[in-house]
Amino acid sequence: MDLFEEIRETLGCDYISDIRMGAALHDARRIIARKDLSAYPARVLADISDYLYGKNMFQAEKNDIIAFLKKGY
């Protein structure tokens with residue numbers, strides 16, 4: 001299962017797009033901040049960063065993306 005689907009399922013959302021709605025967005029960010037992200041490719045993490053925060057990190061190093069997501073800006 002991919003990271004977007006994991007978050008969707010954890011939140012009980014019907015669609016991935018629902019994770020950006022209201023309280024689900026806050027909860028999705030909290031889930032990401034607490035999750036072990038080391039197993040995911042940098043591209044997936046950059047996608048999550050862009051989707052949940054509007055932060056383009058596609059050129060960043062994986063460790064920098066993880067640090068950003070862990071801080072939960």
Student: State which residue, out of Leu69, Val44, Asn63, Ile48, fulfils the side chain to side chain contact (heavy atoms under 4.5 Å, CB included) condition with Leu37.
Tutor: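 Considering Leu69, Val44, Asn63, Ile48, a side chain to side chain contact (heavy atoms under 4.5 Å, CB included) with Leu37 is found only for Leu69.
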Student: Closest heavy-atom contact between Asp18 and Cys13?
Tutor: CB-CB, 3.7 Å
Student: Once rounded to the nearest 0.5 Å, what's the spacing between atom CD1 of Ile32 and atom CG of Leu52?
Tutor: 6.0 Å
Student: Has the side chain of Arg8 got a donor or acceptor atom that lies under 3.5 Å from a matching backbone atom of Ile16?
Tutor: no
Student: Does the side chain of Ile19 come within less than 4.5 Å of Tyr51's, by heavy atoms?
Tutor: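 When only atoms from C-beta onward are counted, Ile19 and Tyr51 do touch, with a gap below 4.5 Å.
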Student: Identify the heavy atoms of Asp2 and Glu5 that sit nearest to each other, and give their distance.
Tutor: OD1-N, 2.7 Å
Student: Does any non-hydrogen side-chain atom of Glu9 lie less than 4.5 Å from one of Glu6?
Tutor: no
Student: Look at the side chain of Lys55 and the backbone N and O of Asp50, then say whether any donor-acceptor pair between them is shorter than 3.5 Å.
Tutor: no
Student: Should Phe58 and Ile65 be counted in the same cluster of Ile, Leu, Val, Met, Phe, Trp and Tyr side chains packed under 4.5 Å apart?
Tutor: no
Student: Run Leu45 and Lys62 through side chain to side chain contact (heavy atoms under 4.5 Å, CB included) and show every step you take.
Tutor: CA-CA 8 Å; Leu45 299 176; Lys62 181 177 177 176; 4.1 Å; yes
Student: Is the shortest side-chain heavy-atom distance between Ile7 and Lys35 below 4.5 Å?
Tutor: no
Student: With rounding to the nearest 0.5 angstrom, report the CZ to OG1 distance, Arg30 to Thr10.
Tutor: 11.0 Å
